[in-house]
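Taking it in order: structure first as structure tokens, then the write-up.
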Amino acid sequence: MINTKAFYLTIVRDRMLRVGGDLYSRLARDGRNWVDLSVRFHASDFTARRGDWVAPWPMAQEPTYAMPAYDAGFRKSFAQVSDERALQVRELMHNSGRKVALYYSGGLDSTVAAVALLKNLSAEELGNVVICTSVDGIMESPGFYRRRLRGRVRILDSARSRYDDLIARGYYTITADTGDSIFGTEQMTQLLFSYGELVDKLPHDARLRLRQLCDDPAIGEQPYERFADLIISYLGIERNPALGRWFYEKLVRNISTSGVPVYSLHDFFWWFIFNVKYLHCALRAALFYYRGDDLKAAIQQNIINWYNTADYQRWSMVNNNNGQKIRNNLSTTYKWAARQYIYEFDRDDWYLNFKLKLGSFQLLLRSNIRQHRKIFGLDTDYRLHTFAEVNVRRAVAERLRIYDEQAFDPVRVRLARSSAARSSSTSAAAAPVLAA
């Protein structure tokens with residue numbers, strides 16, 4: 001499997017590659033860096049949709065989640081895009097005669113989807129909508145549940161309603177898992193939370209410069225290059241000081257070859273999740289919460305990823321640094337456009353001004369932990385591969401053992417071969433002259 005292209009590949013979290021183990025100690029430098037990413041970013045997959053990106057194994061873009069072309073002239077508002085998304089779902093229901101099931105966590109992303117459906121579907125049409133939630137989801141936003149959901153739509157227990165169960169019963173399932181990718185600011189808010197502690201560990205000159213930048217109320221709108229030392233420290237881990245710089249330079253190269261404007265500190269972390277982690281966010285629920293026999297049909301036809309539309313992504317690409325995604329660099333203003341959309345419908349001042357992000361997806365992971373820990377990748381035939389397969393374990397170990405970023409980079413390899421060919425051709429043409 002590892003010798004063929006794959007859509008989704010973990011950044012390794014198998015016990016055979018535990019730090020301090022025999023295999024880890026025999027890995028090349030870049031192989032160790034790749035493994036250490038699984039410590040820094042637990043349970044993640046990094047598959048860039050745009051720009052140069054090198055990994056220890058072949059990667060491919062899953063077509064359902066391709067990035068649309070950048071459109072600087074895109075002018076639709078978040079509210080307009082959200083309303084149009086609900087109308088798309090309504091049309092799909094009408095054309096297919098099927099119902100939809102929205103997985104609702106009570107968080108901002110799934111609440112936007114719920115609001116859009118409640119706003120744009122008639123009472124009769126809402127009869128074909130079910131909400132899959134849990135006690136945790138209800139408690140995350142009890143007011144909205146009481147005012148807007150209870151008694152208006154059918155409620156199912158999400159713990160007992162897996163994707164394959166509902167699809168078999170004729171439902172499309174709706175997830176909001178790419179909401180973080182559209183707004184993309186959580187990593188930056190975490191960096192700002194640790195700003196002082198990170199700065200204190202830097203050399204004297206960097207400390208002075210970054211402390212001055214910290215006083216800027218528009219710090220997120222400053223060029224990300226000014227924060228390079230800070231970002232490198234933030235991305236690294238204690239036992240591998242070189243990891244932060246290696247990964248930062250990898251991300252910068254991806255940015256420079258993407259064709260999408262990435263300017264500020266906010267942009268940098270938005271692009272990280274919008275480009276590099278998007279596929280992870282998009283596919284993780286299907287891989288962890290679908291146990292049927294046709295993953296391809298589930299991913300491409302039956303699971304609706306609410307934010308995976310060309311217009312949501314175009315909105316995301318042209319609305320950095322204008323207050324739509326975050327205001328004043330405060331966690332309570334994260335996903336501001338989503339907060340406003342919900343507020344216009346529900347008028348809940350607390351939810352608008354004080355709602356914080358909770359890790360609702362971790363509940364799904366914990367309930368499926370055995371399956372989640374086994375996954376290595378999904379190949380281009382939509383076959384799931386796990387670390388339980390001996391050939392997968394052997395191939396992972398071998399690829400990481402020989403992994404060298406430059407040697408595995410097809411662009412650099414092609415340029416090197418081209419340069420060598422030109423050099424060889426020049427030498428051959430010059431030989432008769434030198435002989436004469």
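Just so you know, these numbers use all the heavy atoms, side chains as well, and skip hydrogens, waters and symmetry mates.
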For this session: Test Thr178 against His280 for side-chain contact (heavy atoms from CB on, under 4.5 Å), laying out the working first.
Result: CA-CA 9 Å; Thr178 49; His280 168 75; over 6 Å; no

Evaluate side-chain contact (heavy atoms from CB on, under 4.5 Å) for Tyr8 paired with Phe376, printing each intermediate quantity in order.
CA-CA 8 Å; Tyr8 178 102; Phe376 174 71; over 6 Å; no

- Test side-chain contact (heavy atoms from CB on, under 4.5 Å) applied to Ile219 and Asn329, step by step: CA-CA 8 Å; Ile219 186 173; Asn329 300 313; 3.2 Å; yes

field: ring pair (Phe, Tyr, Trp, His ring centres under 6.0 Å) assessment of Phe408 paired with Tyr403
entry: CA-CA 7 Å; Phe408 275 56; Tyr403 180 53; 5.0 Å; yes

Just do the side-chain contact (heavy atoms from CB on, under 4.5 Å) check on Met317 and Phe74 with the steps written out, would you?
CA-CA 9 Å; Met317 286 190 269; Phe74 187 80; over 6 Å; no

Evaluation steps, ring pair (Phe, Tyr, Trp, His ring centres under 6.0 Å), between Phe183 and Trp315 | CA-CA 10 Å; Phe183 286 93; Trp315 176 90; 5.6 Å; yes

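Proximity of a side-chain donor or acceptor of Asp180 to a complementary backbone N or O of Gly184 within less than 3.5 Å is not detected. Without hydrogens or angle criteria, Ser161 side chain to Ser158 main chain gives no donor-acceptor distance under 3.5 Å. For Ser181 (side chain) and Phe274 (main-chain N/O), no donor-acceptor pair under 3.5 Å exists by modelled atom type. A distance-only check finds a donor-acceptor pair linking the side chain of Arg207 to the backbone of Leu202 [under 3.5 Å]. Within the 3.5 Å criterion, the main-chain N or O of Asp267 finds a donor-acceptor partner in the side chain of Ser264. At least one donor-acceptor pair under 3.5 Å links the side chain of Asp165 to the backbone N or O of Arg162. Distance alone, capped at 3.5 Å, is enough to place a donor-acceptor pair between the Thr333 side chain and the Leu330 backbone.
Shown here for Ala113 and Trp306, the closest heavy-atom pair between the two residues is CB-CD2, 3.6 Å. Of all heavy-atom pairs between Tyr334 and Arg339, the closest is O-NE, 2.7 Å. Between His266 and Asn320, the closest heavy-atom pair is CE1-OD1, 2.7 Å. When all heavy atoms of Leu9 and Pro58 are compared, the closest pair comes out as CD1-O, 3.7 Å. Summarising the geometry of Leu251 relative to Val276, their closest heavy-atom pair is CD2-CG2, 4.1 Å, with the distance given to 0.1 Å. Of all non-hydrogen atoms in Tyr163 and Thr173, the two that sit nearest each other are CD2-OG1, 3.8 Å.
In this structure, a donor-acceptor pair under 3.5 Å is present between the side chains of Thr47 and Asp45. Checked by atom type, the side-chain pair Gln88/Glu84 shows no donor-acceptor distance below 3.5 Å. Residues Asn319 and Asn322 have side chains that bring a donor and an acceptor to within less than 3.5 angstrom of each other. Between the side chains of Asn275 and Trp270, no donor N or O sits under 3.5 Å from an acceptor N or O.
The cationic group of Arg98 does not satisfy the cation-pi geometry with Tyr171, failing either the under 6.0 Å distance to the six-membered ring centre or the 45° limit from the ring axis. At least one test fails for Arg393 against the ring of Phe387: distance under 6.0 Å to the centre or angle within 45° of the axis. Cation-pi geometry between Lys250 and Trp53 is satisfied (NZ or CZ under 6.0 Å from the ring centre, within 45° of the ring normal). In this structure, Arg399 forms no cation-pi arrangement with Trp57, as its terminal cationic atom is not both closer than 6.0 Å to the ring centre and no more than 45° off the ring axis. A cation-pi contact, defined as under 6.0 Å to the ring centre and within 45° of the axis, links Arg40 to Tyr234. For the pair Arg49 and Tyr278, the distance from NZ or CZ to the six-membered ring centre is under 6.0 Å and the angle to the ring normal is within 45 degrees.
A salt bridge is defined here as a Lys NZ or Arg NE, NH1 or NH2 lying under 4.0 Å from an Asp or Glu carboxylate O, and Arg253 with Asp52 meets this definition. Here Glu405 does not pair with Arg29 in a salt bridge; the nearest charged N to carboxylate O distance is not below 4.0 Å. Look at Arg284 and Asp177 and you find a salt bridge, because one of the NZ, NE, NH1 or NH2 atoms lies within 4.0 Å of a carboxylate O, short of that distance. By the 4.0 Å N-to-carboxylate-O rule, Lys296 lies too far from Asp381 to be salt-bridged with it.
With a 4.5 Å cut-off on side-chain heavy atoms, Leu356 and Thr332 count as touching. Residues Ile273 and Cys281 meet the side-chain proximity criterion, which asks for heavy atoms closer than 4.5 Å. Residues Asp164 and Tyr289 form no side-chain contact, since every pair of their non-hydrogen atoms from C-beta on lies 4.5 Å or further apart. Within the 4.5 Å cutoff, no side-chain heavy atoms of Leu156 are placed close to those of Tyr103. Within the 4.5 Å cutoff, the side chain of Asp229 has heavy atoms near those of the Arg209 side chain. Contact check for Ile174 versus Ile303: no side-chain heavy atoms found under the 4.5 Å cut-off. Two residues are said to be in side-chain contact when any heavy atoms from C-beta on lie closer than 4.5 Å; Leu235 and Leu243 fail this criterion. Side-chain contact between Tyr65 and Leu283: present, with at least one pair of heavy atoms (C-beta onward) separated by less than 4.5 Å.
A distance of 10.0 Å separates CZ of Arg239 from CZ of Arg32, quoted to the nearest 0.5 Å. Atom OG of residue Ser134 and atom CD of residue Glu140 lie 9.0 Å apart, to the nearest 0.5 angstrom. Annotation: the span from Thr309 atom OG1 to Ile182 atom CD1 amounts to 7.0 Å, rounded to 0.5 Å.
Atom CE of Met139 has 12 or fewer heavy atoms from other residues, nucleotides or ligands within 6.0 Å. Counting heavy-atom neighbours within 6.0 Å of Arg211 CZ, excluding the residue itself, gives a total above 12.
The ring of Tyr248 has its center no closer than 6.0 angstrom to the ring center of Phe272. Aromatic pair Phe78/Tyr312: centroids less than 6.0 angstrom apart. Remark: aromatic rings of Trp34 and Phe46 are distant, center separation not under 6.0 Å.
Scanning for ring pair (Phe, Tyr, Trp, His ring centres under 6.0 Å) contacts around Tyr382 gives Phe7, with sequence neighbours left out.
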